[in-house]
Peer 1: 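Before we start, here is the structure in question, set down as structure tokens.
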Amino acid sequence: MFATVTIQKTYLEAYDQLEVALCEPLDLELEKADLEVFRPKFKSQHKPQNKHRTNADDDYRDVLYNYDPHKSTTESESEDDHEKKHYFQPPLQTQRNAFVRNTLLNFKIRSGTGISRLGIMGCGEMSLERGLSECLGSLAAMQVYSVDIERESLSVGQQLLEKHLTQNADLIASETGLPVLMRSFLGDILQPDHRFANMDAIVSMEVVEHIPLEDAKKFTDNVLGVLMPRIFIFSTPNHEYNKVGG
């Protein structure tokens with residue numbers, strides 16, 4: 001009986017927060033960025049040159065890394081090794097998203113409590129939000145808040161997330177869980193933001209390498225000293241793939 005009452009109360013809280021959020025005026029409504037201009041590689045994904053190819057990763061590879069599937073091995077080997085691009089399979093972003101998902105699920109199991117409030121700082125085009133959308137029920141998530149300082153990137157992310165949620169609606173609906181409030185904000189991760197305080201988890205993927213060292217320290221101090229989530233997950237490229245880091 002106690003467990004049943006607790007679950008019902010949690011559902012009511014989740015629906016109440018959604019109702020309140022829908023009644024609140026938007027802080028800012030971004031102008032929609034043009035996906036075709038901002039991310040031209042989508043053209044390759046949607047209209048592959050070779051109709052017999054079915055793997056979208058191949059199209060990403062061609063555009064991102066100048067890969068020519070018709071080029072002979074001899075030609076490839078003759079290129080300067082330092083000029084060669086690295087291609088990862090699965091794509092690095094997919095691997096990062098999987099790492100975050102598994103880390104959060106393991107943390108939930110170890111701690112015995114759900115990831116009710118999740119913050120994503122430096123969300124960019126919201127790849128992580130899309131990657132986690134199908135396991136939010138398993139995390140017991142009720143709120144997912146995202147923030148980025150780039151208007152165009154955030155607008156693209158909002159559009160891609162909406163498209164992903166629509167295309168995978170049946171799969172996501174089959175995931176037993178609470179109603180989830182997903183919100184995105186235009187903002188500076190270096191500045192304390194009360195909306196991200198007391199999060200169960202804050203995630204920041206491939207962000208700190210884009211800001212000066214002093215600001216990176218300010219960011220971590222902000223997260224760990226002010227916002228104080230139960231767990232903080234962040235990543236940065238290995239030094240061998242980061243010429244700036246050395």
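Note that this is a predicted model, so its numbers are computed, not measured.
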Peer 1: Taking only residues at least two apart or on different chains, which pairs with a member in residues 130-158 satisfy ring-ring contact (aromatic ring centres under 6.0 Å, His included)?
Peer 2: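 Sorted result for residues 130-158: Y145-F185.
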Peer 1: Please say yes or no: joined through hydrophobic side-chain contacts below 4.5 Å, possibly via intermediate residues, are I233 and M228 part of one cluster?
Peer 2: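 They do not share one cluster, since no chain of ILVMFWY contacts under 4.5 Å joins I233 to M228.
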Peer 1: Where is the tightest heavy-atom contact between R130 and H164, given as atom of each residue plus distance?
Peer 2: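 For R130 and H164, the tightest heavy-atom pair comes out as O-NE2, 3.2 Å.
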Peer 1: Start with the C-alpha distance between R230 and T113, add both sets of side-chain angles, then the distance that settles side-chain contact (heavy atoms from CB on, under 4.5 Å), and finish with yes or no.
Peer 2: CA-CA 11 Å; R230 291 167 55 210; T113 55; 2.6 Å; yes
Peer 1: Name all residues meeting the side chain to side chain contact (heavy atoms under 4.5 Å, CB included) criterion together with I149; count only those two or more places apart in sequence or in a different chain, and write none if there are none.
Peer 2: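 With sequence neighbours excluded, I149 shows a side chain to side chain contact (heavy atoms under 4.5 Å, CB included) to D188, given in chain and number order.
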Peer 1: For G122 versus I189, what's the shortest heavy-atom pair and its separation?
Peer 2: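 Closest pair (atom of G122, atom of I189, distance): N-CG2, 3.7 Å.
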Peer 1: What are the two closest non-hydrogen atoms of E129 and C123, and how far apart are they?
Peer 2: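 Looking at all heavy atoms of both residues, the closest pair is OE2-CB, 3.3 Å.
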Peer 1: Which heavy-atom pair separates S127 from N97 by the least distance, and what is that distance?
Peer 2: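 Closest approach of S127 to N97, heavy atoms only: OG-ND2, 3.0 Å.
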Peer 1: Identify the two heavy atoms, one from D200 and one from S116, that lie closest to each other, and give their separation to 0.1 Å.
Peer 2: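 D200 and S116 have their closest heavy atoms at OD2-N, 3.0 Å.
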Peer 1: Measuring from atom CG of L181 to atom CE of M142, what distance do you get when rounded to the nearest 0.5 angstrom?
Peer 2: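 So the gap between those two atoms works out to 9.0 Å.
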Peer 1: Show the nearest heavy-atom pair for residues S235 and V208, with the distance to one decimal.
Peer 2: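 What the structure gives for the nearest pair is O-CG2, 4.5 Å.
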Peer 1: Checking side chain to side chain contact (heavy atoms under 4.5 Å, CB included) against L132, which of V144, L118, V203, I115 comes through?
Peer 2: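 That would be L118.
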